[in-house]
2 protein chains.
Amino acid sequence: MAAHDEAVPAETGGGGREETSSKNVDLGSLPDFIGYALRRAQLTIFEDFIRSLETVGLRPAYFSVLIIIDRNPGLNQSEISAALGIQRTNFVNMADELQKRNLIVRHPSEHDRRSYALYLTREGKVLLDQALELQGEHEERLARKLGPGGREMLLPLLWKLAE
Amino acid sequence: MAAHDEAVPAETGGGGREETSSKNVDLGSLPDFIGYALRRAQLTIFEDFIRSLETVGLRPAYFSVLIIIDRNPGLNQSEISAALGIQRTNFVNMADELQKRNLIVRHPSEHDRRSYALYLTREGKVLLDQALELQGEHEERLARKLGPGGREMLLPLLWKLAE
DNA sequence: TCATACTGTTATTGTCTATAACTAACATCT
DNA sequence: AGATGTTAGTTATAGACAATAACAGTATGA
């Protein structure tokens with residue numbers, strides 16, 4: 001109750017790395033389930049991706065948004081979010097943030113006064129190019145993990161699953 | 001509102017074709033990125049999985065927890081969450097819910113008065129078996145999507161990525 | 001015994017996703 | 001033109017899920 005100050009044992013610097021399943025747990029048929037393997041792979045990959053792009057401060061979703069705007073300048077928010085499978089209501093915040101960081105601009109559309117045409121700023125274009133460079137290294141790291149021909153085998157299979 | 005910065009459409013090398021009312025959005029190199037393909041595939045699959053198992057009311061994480069407990073009766077919460085890559089602090093709620101639904105029980109451990117040994121109830125075992133049946137149909141649906149030999153090719157690649 | 005580490009727990013925060021409802025602006029159809 | 005319906009952007013809200021800090025009780029090894 002009378003809480004004294006904390007001792008802060010924390011994570012300690014030395015010693016044991018965290019091995020996967022050091023306890024010999026039987027995962028049953030879990031490793032044979034595509035969904036489970038996919039989820040575990042995605043977690044690992046996103047972790048690496050986020051670390052790889054943390055110098056530019058772009059998380060996966062924001063990175064993909066910049067790519068779309070770069071390749072399709074002038075799209076409105078609904079079109080962008082539809083292309084990425086994001087809900088347009090959830091895209092508002094992302095656009096706000098990207099605009100606050102001066103990476104994109106919302107121009108009033110010429111044909112439709114309801115909508116904005118989104119463009120990269122010069123700053124956004126520069127940052128995207130840096131991000132693409134880092135993503136390239138990330139991608140190569142993954143390809144190395146997969147072994148020769150692995151990536152070329154994997155991608156079509158994933159897109160079949162994604163429909 | 002209005003932009004206070006230069007717009008810089010930044011036309012990239014690809015043809016900036018603008019068709020009114022067409023959804024022909026250029027995804028750029030996005031489809032070649034493993035992380036993006038993985039994310040999209042995972043979203044589609046999880047959607048199908050959740051729908052497939054909604055009659056038993058199990059979401060992916062809870063399903064995997066039941067499998068682990070079934071194959072490893074008596075594990076404590078830390079061991080289970082470690083095996084699944086879940087943080088033990090976030091596992092508390094899941095165990096609470098599963099217990100509230102009478103699918104698992106927390107028995108006080110014999111060797112360690114701090115921890116519980118988790119077991120499936122009979123009800124939990126029955127529900128898990130139903131879930132496994134539904135998961136089987138789900139899995140076969142995915143395998144059909146992947147074509148002959150696709151699943152056998154995909155799984156090892158995913159586990160290489162997951163480390 | 002005592003410092004240290006571990007188990008389960010609560011509380012909090014942040015990210016991401018999903019739904020409902022609202023406004024302004026279009027579009028259509030008679 | 002007027003009624004009606006639809007779309008774009010937005011807000012508010014809720015839920016699932018993950019990450020961090022802190023703490024009490026217990027275990028353990030020097």
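All chains are named by letter (A, B, ...) in the order of the sequence lines, taking the proteins before the strands, and each is independently numbered beginning at 1. Since the model is a prediction, treat every value here as computed from it, not as a measurement.
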Problem - Under 4.0 angstrom between B/Arg106 side-chain N/O and C/dT9 OP1 or OP2 - result: yes
Exercise for the section: Starting at atom CG of B/Asn76, determine the distance to atom C1' of C/dG8, rounded to an integer number of angstrom. Expected result: 9 Å
Practice task
Have a look at B/Ser52 and tell me which of B/Glu137, B/Glu47, B/Gln135, B/Arg141 forms a side-chain contact (heavy atoms from CB on, under 4.5 Å) with it.
Solution key: B/Arg141
Practice task
Give the rounded distance in Å between these two atoms: NE2 of A/His111 and C1' of C/dA27.
Solution key: 16 Å
Problem - Residues B/Glu163, A/Arg40: salt bridge by 4.0 Å N-O rule - result: no
Practice task
Go through the steps to decide whether A/Asp129 and A/Lys125 satisfy the test salt bridge (charged side-chain N to carboxylate O under 4.0 Å, His left out), and finish with yes or no.
Solution key: CA-CA 6 Å; A/Asp129 286 341; A/Lys125 175 63 171 164; 3.7 Å; yes
Exercise for the section: Answer with yes or no whether B/Arg114 presents, from its side chain, a donor or acceptor under 3.5 Å of a partner atom in the base of C/dT7. Expected result: no
Handout entry: Aromatic contact, B/Tyr36 with A/Phe63 (centres under 6.0 Å)
Key = no
Practice task
Could you check which residues of residues 53-68 of chain A get a heavy atom under 4.0 Å from DNA chain D? Sort them by number, please.
Solution key: none
Exercise for the section: Mind checking B/Tyr116 for me? I need base, sugar-phosphate or nothing, with any heavy atom below 4.0 Å counting as a touch. Expected result: sugar-phosphate
Practice task
Would you mind reading off the distance between B/Phe91 atom CZ and C/dA11 atom P, rounded to a whole angstrom?
Solution key: 20 Å
Handout entry: A/Asn93 CG - C/dA18 P separation (whole Å)
Key = 15 Å
Practice task
Rounded off to whole Å, could you give me the CZ-to-P distance for the B/Phe46 and C/dA18 pair?
Solution key: 13 Å
Handout entry: B/Arg113 side-chain N/O to D/dA27 phosphate OP1/OP2 under 4.0 Å
Key = yes
Exercise for the section: Select base, sugar-phosphate, or nothing to describe what B/Gln87 touches, counting heavy atoms under 4.0 Å on all strands. Expected result: base
Problem - Side-chain heavy atoms of B/Tyr116 within contact of B/Ser109, under 4.5 Å - result: no
Handout entry: Donor + acceptor pair across side chains of A/Gln99, A/Arg106 (<3.5 Å)
Key = yes
Exercise for the section: To the nearest Å, give me how far apart CZ (B/Arg88) and P (C/dC6) are. Expected result: 9 Å
Problem - Linked hydrophobic residues, B/Val105 as query - side chain contacts closer than 4.5 Å - result: B/Tyr119
Problem - Along DNA chain D (nearest heavy atom to each residue), the more 5'-positioned of A/Leu43 and A/Asp112 - result: A/Asp112
Exercise for the section: State whether B/Arg101 and B/Glu123 are salt-bridged, where the test is any N-O pair (Lys NZ or Arg NE/NH1/NH2 against Asp/Glu carboxylate O) under 4.0 Å. Expected result: no
Handout entry: Whole-Å distance separating the CE atom of B/Met94 from the P atom of D/dG15
Key = 17 Å
Exercise for the section: Select base, sugar-phosphate, or nothing to describe what A/Asn90 touches, counting heavy atoms under 4.0 Å on all strands. Expected result: base
Fill in the blank from the handout: Whole-Å distance, B/Gln99 CD to C/dG8 P, equals 13 Å
Exercise for the section: By nearest nucleotide on DNA chain D, pick out whichever of B/Gly85 and A/Gln77 is the more 5' one. Expected result: A/Gln77
Exercise for the section: Just call it for B/Thr89: base, sugar-phosphate, or nothing, with non-hydrogen atoms closer than 4.0 Å on any strand. Expected result: base
Problem - OP1 or OP2 of D/dT7 under 4.0 Å from side-chain N/O of A/Ser78 - result: no
